Amino acid sequence: MKNYFKLFFVALFATMAFSFASCSDDDEKDLSGEEQEEVTKNDIVGTWEIAQVSIDGGETYIAWPYETTSATFKADGTYTGVGYFGNGNGTWKQVGNIINTYVDGELYMSYEVIELESTACTLKVAISETKSIFAKCVKK
């Protein structure tokens, strides 16, 4: 259950990070080799809902098979999670394209923003040292 909660927050953070593109000249490349705008805190703020997941490196996505799962990231650095991974609160910090979430002051999960559009994003969520999942999220 803890891994699902982590996956949820990863997807949500990624979704939020992709919702807005910054105007930075310091573009980075995503896993596909395409240039990607740097993610800012303003890109992440909002409520994000998981729509699809992939466990095969982002090649094939399936609809999120569980109850509606979302995370709300606030500008003050706090977040609230609702749904399949549980209901709870914590804090978040963003550095570059990485979003770290904390529960009770302890690092809970890290997410890499792979792609960001105005109302959708793709996140890479590390489940273990050797396995990651990809989540597509939509901004509500």
Side-chain angles (χ1 to χ4, degrees):
M1 184 71 152
K2 186 175 181 180
N3 284 337
Y4 291 114
F5 189 64
K6 288 180 183 180
L7 170 62
F8 168 73
F9 283 107
V10 172
L12 289 176
F13 282 114
T15 301
M16 291 173 52
F18 286 115
S19 68
F20 299 95
S22 73
C23 296
S24 171
D25 289 334
D26 299 327
D27 292 340
E28 297 181 12
K29 294 191 177 190
D30 65 14
L31 295 179
S32 68
E34 296 180 18
E35 287 189 4
Q36 175 183 344
E37 299 280 338
E38 184 175 329
V39 176
T40 68
K41 186 173 183 175
N42 289 334
D43 297 333
I44 298 165
V45 172
T47 298
W48 295 89
E49 185 175 297
I50 297 175
Q52 299 177 326
V53 293
S54 172
I55 59 171
D56 64 358
E59 296 293 322
T60 305
Y61 285 85
I62 62 168
W64 179 247
Y66 306 107
E67 67 184 278
T68 300
T69 303
S70 67
T72 300
F73 298 92
K74 297 181 182 175
D76 67 0
T78 61
Y79 75 85
T80 302
V82 176
Y84 182 78
F85 300 112
N87 301 311
N89 301 299
T91 59
W92 66 279
K93 290 183 182 179
Q94 175 257 328
V95 177
N97 291 349
I98 303 297
I99 301 165
N100 293 318
T101 60
Y102 302 86
V103 174
D104 296 328
E106 304 254 337
L107 179 63
Y108 186 70
M109 195 74 166
S110 291
Y111 313 92
E112 179 183 355
V113 177
I114 303 300
E115 184 178 359
L116 177 62
E117 297 175 6
S118 63
T119 59
C121 75
T122 302
L123 302 173
K124 180 180 179 183
V125 181
I127 301 210
S128 69
E129 290 183 19
T130 60
K131 184 165 180 145
S132 297
I133 63 162
F134 290 78
K136 290 188 179 192
C137 301
V138 293
K139 191 170 187 180
K140 297 294 179 175

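Computed from a predicted model, the values in this text were never measured in an experiment. When reading the values below, keep in mind they use all heavy atoms of this one structure, side chains included, and skip hydrogens, waters and symmetry mates.
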Which pair of non-hydrogen atoms, one from V39 and one from Q94, has the smallest distance, and what is that distance?
O-NE2, 2.7 Å
Atom pair NZ (K124) and CD1 (I98), whose distance is rounded to the nearest 0.5 Å:
9.0 Å
Is it true that a side-chain atom of K139 and a backbone atom of V45 form a donor plus acceptor pair closer than 3.5 Å?
yes
Is there a path of hydrophobic side-chain contacts, each under 4.5 Å between heavy atoms of I, L, V, M, F, W or Y residues, that connects V95 with I99?
no
Neighbour count >12 (heavy atoms, 6.0 Å) for atom CD, E106
no
Under the side-chain hydrogen bond (donor to acceptor under 3.5 Å, both in side chains) rule, collect the residues that match up with D56, sequence neighbours excluded.
S54, T60
Can you see which heavy atom on W92 is nearest to which on K74, and at what distance?
NE1-O, 3.2 Å
Would you indicate whether the side-chain heavy atoms of T78 and N89 approach each other to under 4.5 Å?
no
Taking all non-hydrogen atoms of both residues, which atom of T91 and which atom of Y79 are closest, and how far apart?
O-CE2, 3.0 Å
Passing option when T47 is tested against T72, T80, V138 for side-chain contact (heavy atoms from CB on, under 4.5 Å):
T72
With sequence neighbours left out, write down each residue that passes side chain to side chain contact (heavy atoms under 4.5 Å, CB included) with L107, or none if nothing qualifies.
N100, Y102, S110
Flag side-chain contact, heavy atom, 4.5 Å: Y61 against T122:
yes
Looking only at side-chain N and O atoms, does N42 offer a donor or acceptor that is under 3.5 Å from a partner on T40?
no
